[in-house]
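Just so it is clear, the structure is predicted and the values come from calculations on it, not from any experiment. Reminder, nothing fancy here: chain letters follow the sequence lines and each chain counts from 1.
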There are 2 protein chains.
Amino acid sequence: MRYAKPWWYKRMIEEGIKFTLQRKLILDVLNRTKKHLSAEEIYFIVRKFYPNIGFATVYRTLDLLTKIGIVIKLNFGDGRMRYELAEKENASHIHLICKNCGKVFEDGGDENEKIKEIEKNISSRYNFKVENLKIFFMGKCENCQKGGD
Amino acid sequence: MRYAKPWWYKRMIEEGIKFTLQRKLILDVLNRTKKHLSAEEIYFIVRKFYPNIGFATVYRTLDLLTKIGIVIKLNFGDGRMRYELAEKENASHIHLICKNCGKVFEDGGDENEKIKEIEKNISSRYNFKVENLKIFFMGKCENCQKGGD
DNA sequence: AATGATAATGAAAATCATTCTCAATTAGGA
DNA sequence: TCCTAATTGAGAATGATTTTCATTATCATT
Ligand SMILES: [Mn+2]
Ligand SMILES: [Mn+2]
Ligand SMILES: [Zn+2]
Ligand SMILES: [Zn+2]
């Protein structure tokens, strides 16, 4: 085999769920994109490679993968959920969401240390086992501060 | 007048929107509860005091108040949006969400300083004007770690 | 290869939170 | 009081997501 199996393959096997073609294709799409795709967008991309895939399968797969932590399900407030591949450890980046134009920006992880610290405090303070975190900064992007009202 | 107008009253006036009875009642509900209510829950509570209020008015009001920062709109993943009164300055607390039982816990603000610092860094790094932030820690609550799988 | 048990899938219908439409009402300034 | 724009309530419409159910794929055993 030319390529090593990706980390999510191992995770799926150890969870006892099957690595079907449909699931593989959905994960490939998420792996290749930099964007935050919606279920529908993923559906249409996968369809190019596998025209028979059903809408429900996409939703089911995304839910399943979210449940086991391979995928992160995000709500940026545009009326549909969006999905991204989880990062290998439970590190996760901050999302900046412009309330004006809707654009989403990602922080490059420069705050990771501070976040880890907060996570540790919270974990021990509440006896809460943190599996992943979602940090959204809502506000106005550079562009919208100048131009729009 | 016995009581001073609440801070959101002033905000609404300065935004040039009317402080109607319906809006007042919705804000009163949000102000009195500790929970994170959905639009429907708010609707049924307001109805006790004002049986004629319409569902659409509740949604419209919550949207409006969210837009001007008086209300925060949250998605905990249970299929409906939930609302809480914003805090007076743009301070906001961390939400811990149990993926197992769905319960939501709130941090008492002990991480505020660290969060402020992150906020400041992000603001200047990306020239992003932060208006409010949503921090969700997804995981398993104390109870669910013991009992259920 | 055939079998059977179980998991996964696709198509379509159903659900249901949220938004839209529009006629009626209200609020506040001239 | 009159005028105008904002607000509201009822109900219909929307549309993302879920459910249903018959069919198909998977895989361990004969
Ligand atoms: Mn992201
Ligand atoms: Mn809260
Ligand atoms: Zn913007
Ligand atoms: Zn729990």
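- One end of the helix from dA1(C)-dT30(D) to dA30(C)-dT1(D) points its axis 30° away from the other end's axis, with each axis taken from 5 pairs and the angle rounded to 10°.
- Not counting sequence neighbours, Asn31(A) has no partner by the side-chain hydrogen bond (donor to acceptor under 3.5 Å, both in side chains) test.
- The one candidate from His93(A), Lys73(A), Lys35(A) that meets the side chain to side chain donor-acceptor pair (under 3.5 Å) condition with Glu84(A) is His93(A).
- Taking the six-membered ring wherever Trp is involved, the centroid distance between the rings of Tyr43(A) and Tyr59(A) does not fall below 6.0 Å.
- Ser124(B) places a side-chain N or O within donor-acceptor distance of the main-chain N or O of Asn121(B), the cut-off being under 3.5 Å.
- Contacts of residues 53-79 of chain A with DNA chain D (heavy atom under 4.0 Å): Ala56(A), Tyr59(A), Arg60(A), Asp63(A), Gly79(A).
- The residues Glu41(B) and Arg82(B) are annotated as salt-bridged, a charged nitrogen and a carboxylate oxygen being separated by less than 4.0 angstrom.
- For the 3.5 Å distance criterion, the side chains of Gln145(A) and Asn127(B) fail to qualify, holding no donor opposite an acceptor.
- The shortest non-hydrogen separation linking Cys141(B) to Cys98(B) is N-SG, 3.4 Å.
- Summarising the geometry, the separation between CE on Met81(B) and P on dG15(D) is reported as 18 Å, rounded to the nearest angstrom.
- Between the side chain of Thr61(A) and the backbone N or O of Arg23(A) there is no donor-acceptor pair closer than 3.5 Å.
- Every residue two or more places apart in sequence or in another chain was checked for a side-chain hydrogen bond (donor to acceptor under 3.5 Å, both in side chains) with Glu15(A), and none qualifies.
- A heavy atom closer than 4.0 Å to some atom of DNA chain C occurs in no member of residues 13-37 of chain B.
- Residues Lys99(A) and Thr66(B) come closest through the heavy atom pair NZ-O, 4.5 Å.
- The only member of Phe137(A), Phe105(A), Phe136(A) that meets ring-ring contact (aromatic ring centres under 6.0 Å, His included) when paired with Phe76(A) is Phe136(A).
- In 5' to 3' order, the nucleotides of DNA chain C bounding all contacts with chain A (an atom under 4.0 Å from a heavy atom) are dA7(C) to dA11(C).
- Atom OH of Tyr43(A) and atom P of dT17(D) are 15 Å apart (whole Å).
- The CG atom of Leu62(A) sits 5.0 Å away from atom OH of Tyr83(A), with the distance rounded to the nearest 0.5 Å.
- The existence of a salt bridge linking Lys67(B) and Asp63(B) is excluded, since no basic side-chain nitrogen approaches an acidic carboxylate oxygen closer than 4.0 Å.
- Between dG9(D) and Tyr50(B), a contact under 4.0 Å exists linking OP1 or OP2 to a side-chain N or O.
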